[in-house]
Participant: 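Below is one structure. I have some questions about it.
One is the number of the first residue; the rest follow in order along the sequence.
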Amino acid sequence: MRIAVLGGDGFVGWPTALHLSELGHEIHILDNLSRRWIDTELGVQSLTPMDSIQERCRIWHQETGRKIHFHLLNLATEYERLKQWLAEYRPGAVIHFAEQRAAPYSMKTDRHKVYTVNNNTNATHNLLAALVETGIDAHLVHLGTMGVYGYSTVGAPIPEGYLDVQIDTPAGKRDQQILYPTRPGSVYHMTKSLDQILFQFYAQNDGLRITDLHQGIVWGTHTDQTRRHEQLINRFDYDGDYGTVLNRFLIQAAIGYPLTVHGTGGQTRAFIHIQDSVRCVELALKDAPQAGERVRIFNQMTETHRVRHLAEMVAKLTGAEVAYLPNPRKEAEENDLIVRNDQFLALGLKPITLAEGLLSEVVEVARKYAHRIDRTRVPAVSAWTKDIAKRVEHDPEGKRLRSVS
């Protein structure tokens, strides 16, 4: 099948493109390379050295004989080019990763908030409108986030997308299913919540076939495909804006940096290994909805953990120290998170859990490339509000020059 991977140069997009290519699909990456420009803006680079997307595709062809095609295109601003591309290539499936993915980055300043909304929402709507206009019967698979549900404690398992409710009518109570109410905790999560409404409309109005994957926090480095050649390695973010919490702990441990737990560390998060993430996309592609069906929603996660328990686990494994710092986010100090993921398990997913060997593998990768780490970029300092910004800790290691007078 011809598959368009939008945002295929990114953290999850690249290993997904490789995985699907190895399965025999014809892969076309569409990307504006904005994540690389954000590296330049933030003054930080991937822990792992990344070649250009063209070179990565060349190495993949050299190693496997399979081609991955790259097209430089901005979904959010180049609607006519996107529509023309779809009309010409007519993919059987479109995988949509092409959104700014970091909650802290989306909260840095008003400019970052505006950019995140413009980029993410316009990209999604442009894609939906172009699919309708070209008449392509492509299965759209979108990478969403568990964060649309929020991180408060509701006392019941979070279902996969839809909630059974009873409403009062003049004729009595009536059963109905509604989209599970969103409670986004950042501008980034808000854009993913807006995506849900756009998908609901275009599925019911135009019969688009859509699967929305509400993904947990991704951890790990390698997939079976990225191991095949050093130049195929995935990007690995460690900075306070883009580094995911478990990967950041493992990198901090590798370089002798304190494990930075914000607040009490009682925040419970959902997690998934990068190898499971690409496997879930494959499973979702095989289980496409029919035209006229409602949006199919999966909770793409395999386990939940409290942040402080993760820090304790990594500290026990590596001997690292744990530092409790003020929380730059506006969120509950403690929450429980119970999540249903029955659909992927029913489709045959055998989850990779937080095995010590895989944790050690990430630490070894971090140690190998430790010379590329800028320690000043490790702290998470993007604050959710101006008041919170006043108490953010910029120097967890205590290395800043201090007055003695």
Side-chain angles (χ1 to χ4, degrees), residues 2-40 44-75 91 93-102 105 119 123 141-145 213 215-239 242-244 247 272-282 284-285 300 352 361-362 365 369 372:
R2 179 176 292 163
I3 300 176
V5 182
L6 315 181
D9 188 46
F11 174 50
V12 181
W14 175 244
T16 299
L18 297 185
H19 181 79
L20 296 176
S21 176
E22 186 157 72
L23 291 175
H25 297 289
E26 178 187 327
I27 303 301
H28 292 258
I29 290 175
L30 281 67
D31 203 303
N32 67 351
L33 306 183
S34 61
R35 182 64 190 88
R36 294 176 185 252
W37 286 105
I38 290 172
D39 277 347
T40 302
V44 67
Q45 59 186 347
S46 166
L47 169 72
T48 50
M50 288 171 54
D51 283 312
S52 69
I53 183 62
Q54 293 88 346
E55 179 66 4
R56 292 167 115 185
C57 293
R58 186 190 71 79
I59 293 294
W60 178 248
H61 183 240
Q62 169 188 296
E63 294 297 305
T64 67
R66 302 183 183 279
K67 283 189 175 182
I68 293 179
H69 308 270
F70 171 67
H71 309 268
L72 183 65
L73 196 154
N74 190 322
L75 268 69
V94 177
I95 305 174
H96 179 19
F97 298 121
E99 295 178 278
Q100 192 289 107
R101 69 170 178 83
Y105 184 85
N119 182 79
V141 178
H142 171 255
L143 191 68
T145 171
L213 307 177
Q215 181 165 260
I217 296 170
V218 182
W219 67 281
T221 50
H222 289 299
T223 64
D224 293 340
Q225 292 74 38
T226 63
R227 286 189 180 93
R228 298 179 71 145
H229 192 285
E230 188 169 17
Q231 286 174 273
L232 297 175
I233 197 166
N234 199 20
R235 77 171 296 122
F236 196 99
D237 299 304
Y238 66 87
D239 63 286
Y242 276 89
T244 59
N247 278 356
I272 186 168
H273 189 269
I274 186 68
Q275 182 69 58
D276 277 344
S277 183
V278 302
R279 173 72 172 138
C280 284
V281 173
E282 174 198 345
L285 282 172
Q300 187 165 304
I352 297 169
E361 174 188 284
V362 179
V365 170
Y369 296 108
R372 293 173 54 85

Participant: Is there a donor-acceptor contact under 3.5 Å from the side chain of Gln100 to the main chain of Ala102?
Facilitator: yes
Participant: Are Thr64 and Glu22 close enough, and set up right, to give a side-chain hydrogen bond (donor to acceptor under 3.5 Å, both in side chains), and what steps lead you there?
Facilitator: CA-CA 8 Å; Thr64 67; Glu22 186 157 72; over 6 Å; no
Participant: Less than 4.5 Å apart, side chain to side chain, heavy atoms only: is that true for Ser46 and Ile233?
Facilitator: no
Participant: Let me confirm one number: the CG-CZ distance from Leu30 to Phe97, rounded to the nearest 0.5 Å.
Facilitator: 13.0 Å
Participant: State, with a plain yes or no, whether a side-chain heavy atom of Gln62 is found less than 4.5 Å away from one of His229.
Facilitator: yes
Participant: Does Ser52 use its side chain to pair, donor to acceptor, with the backbone of Glu55 at less than 3.5 Å?
Facilitator: yes
Participant: Measure the shortest side-chain to side-chain distance between Val362 and Asn247 over non-hydrogen atoms and say whether it is less than 4.5 angstrom.
Facilitator: yes
Participant: Does atom CD of Glu230 have more than 12 heavy-atom neighbours, drawn from other residues, nucleotides or ligands, at distances under 6.0 Å?
Facilitator: no
Participant: Under a 4.0 Å N-O cut-off, is there an ion pair linking Arg279 with Asp224?
Facilitator: no
Participant: Would you say the side chain of Leu213 lies within less than 4.5 Å of the side chain of Val141, judging by non-hydrogen atoms?
Facilitator: yes
Participant: Tell me, with the steps shown, if Ile95 and Ile3 meet side-chain contact (heavy atoms from CB on, under 4.5 Å).
Facilitator: CA-CA 7 Å; Ile95 305 174; Ile3 300 176; 3.8 Å; yes
Participant: Let me see the working for Cys280 and Ile272 under side-chain contact (heavy atoms from CB on, under 4.5 Å), right down to the final yes or no.
Facilitator: CA-CA 10 Å; Cys280 284; Ile272 186 168; 4.1 Å; yes
Participant: Looking at OH of Tyr242 and CZ of Phe11, how far apart are the two atoms once the value is rounded to the nearest 0.5 Å?
Facilitator: 13.0 Å
Participant: With distance as the sole test, does His273 use its side chain to make a donor-acceptor pair with the main-chain N or O of Gln275 at under 3.5 Å?
Facilitator: yes
Participant: Out of curiosity, His222 NE2 to Arg228 CZ, how far, rounded to the nearest 0.5 Å?
Facilitator: 14.0 Å
Participant: Between Leu18 and Ile68, is there a side-chain heavy-atom distance shorter than 4.5 Å?
Facilitator: yes
Participant: Taking atom CD1 of Ile27 and atom SG of Cys57, what is their separation to the nearest 0.5 Å?
Facilitator: 10.5 Å
Participant: Are Arg58 and Phe70 in a cation-pi setup, meaning NZ or CZ lies under 6.0 angstrom from the ring centre and within 45 degrees of the ring axis?
Facilitator: no
Participant: Inspect the contact between Arg35 and Asp9 and indicate whether a charged nitrogen and a carboxylate oxygen are less than 4.0 angstrom apart.
Facilitator: no
Participant: Indicate yes or no: at least one non-hydrogen side-chain atom of Trp60 is less than 4.5 angstrom from one of Gln225.
Facilitator: yes
Participant: Given 3.5 Å as the limit, does a donor-acceptor pair link the side chain of Ser21 with the main chain of Ala17, or not?
Facilitator: no
Participant: Judged by modelled atom types alone, do Glu99 and His142 share a side-chain donor-acceptor pair under 3.5 Å?
Facilitator: yes
Participant: At what distance, to the nearest 0.5 angstrom, does CG of Leu20 lie from NE2 of His25?
Facilitator: 5.5 Å
Participant: For Asp237 and Arg101, run side-chain contact (heavy atoms from CB on, under 4.5 Å): C-alpha distance rounded to whole Å, both residues' side-chain angles, the deciding distance at 0.1 Å, then the answer.
Facilitator: CA-CA 12 Å; Asp237 299 304; Arg101 69 170 178 83; 2.6 Å; yes
Participant: What are the two closest heavy atoms between Gly220 and Phe236, and how far apart are they?
Facilitator: O-CE1, 3.6 Å
Participant: Please check if the side chain of Asp31 supplies one atom and the backbone of Leu6 the other of a donor-acceptor pair under 3.5 Å.
Facilitator: no
Participant: One thing to verify: whether Asp39 and Arg235 come together as a salt bridge, which I'm taking to mean a side-chain N less than 4.0 angstrom from a carboxylate O.
Facilitator: yes
Participant: Can we say Glu361 and Arg227 salt-bridge, meaning some charged N sits less than 4.0 Å from an Asp/Glu carboxylate O?
Facilitator: yes
Participant: Which residue in the set Leu143, Val281, Asp276, Thr145 passes side chain to side chain contact (heavy atoms under 4.5 Å, CB included) when paired with Gln215?
Facilitator: Leu143
Participant: Report yes or no: does Thr223 contribute a side-chain atom to a donor-acceptor pair with the main-chain N or O of Pro15 at less than 3.5 Å?
Facilitator: no
Participant: Using the side-chain contact (heavy atoms from CB on, under 4.5 Å) rule, take Glu282 and His19 through it: C-alpha gap first, then chi angles, then the decisive distance, then the call.
Facilitator: CA-CA 8 Å; Glu282 174 198 345; His19 181 79; 2.8 Å; yes
Participant: With heavy-atom distances below 4.5 Å as the criterion, would you say the side chains of Trp219 and Ile274 are in contact?
Facilitator: no
Participant: Tell me if a side-chain donor or acceptor on Asn32 pairs with a main-chain N or O of Leu73 at a distance below 3.5 Å.
Facilitator: no
Participant: What orientation do His71 and His28 show, parallel under 30°, tilted 30 to 60°, or perpendicular over 60°?
Facilitator: parallel
Participant: Show the nearest heavy-atom pair for residues Gly7 and Ala98, with the distance to one decimal.
Facilitator: N-CB, 3.9 Å
Participant: Answer yes or no: is there a donor N or O on one side and an acceptor on the other, between the side chain of Thr226 and the main chain of Asn234, under 3.5 Å?
Facilitator: no
Participant: Should the pair Arg56 and Trp14 be classed as cation-pi, given the thresholds of under 6.0 Å to the six-membered ring centre and 45° from the axis?
Facilitator: yes
Participant: Do any N or O atoms from the side chain of Arg372 and from the backbone of Leu47 form a donor-acceptor pair under 3.5 angstrom?
Facilitator: yes
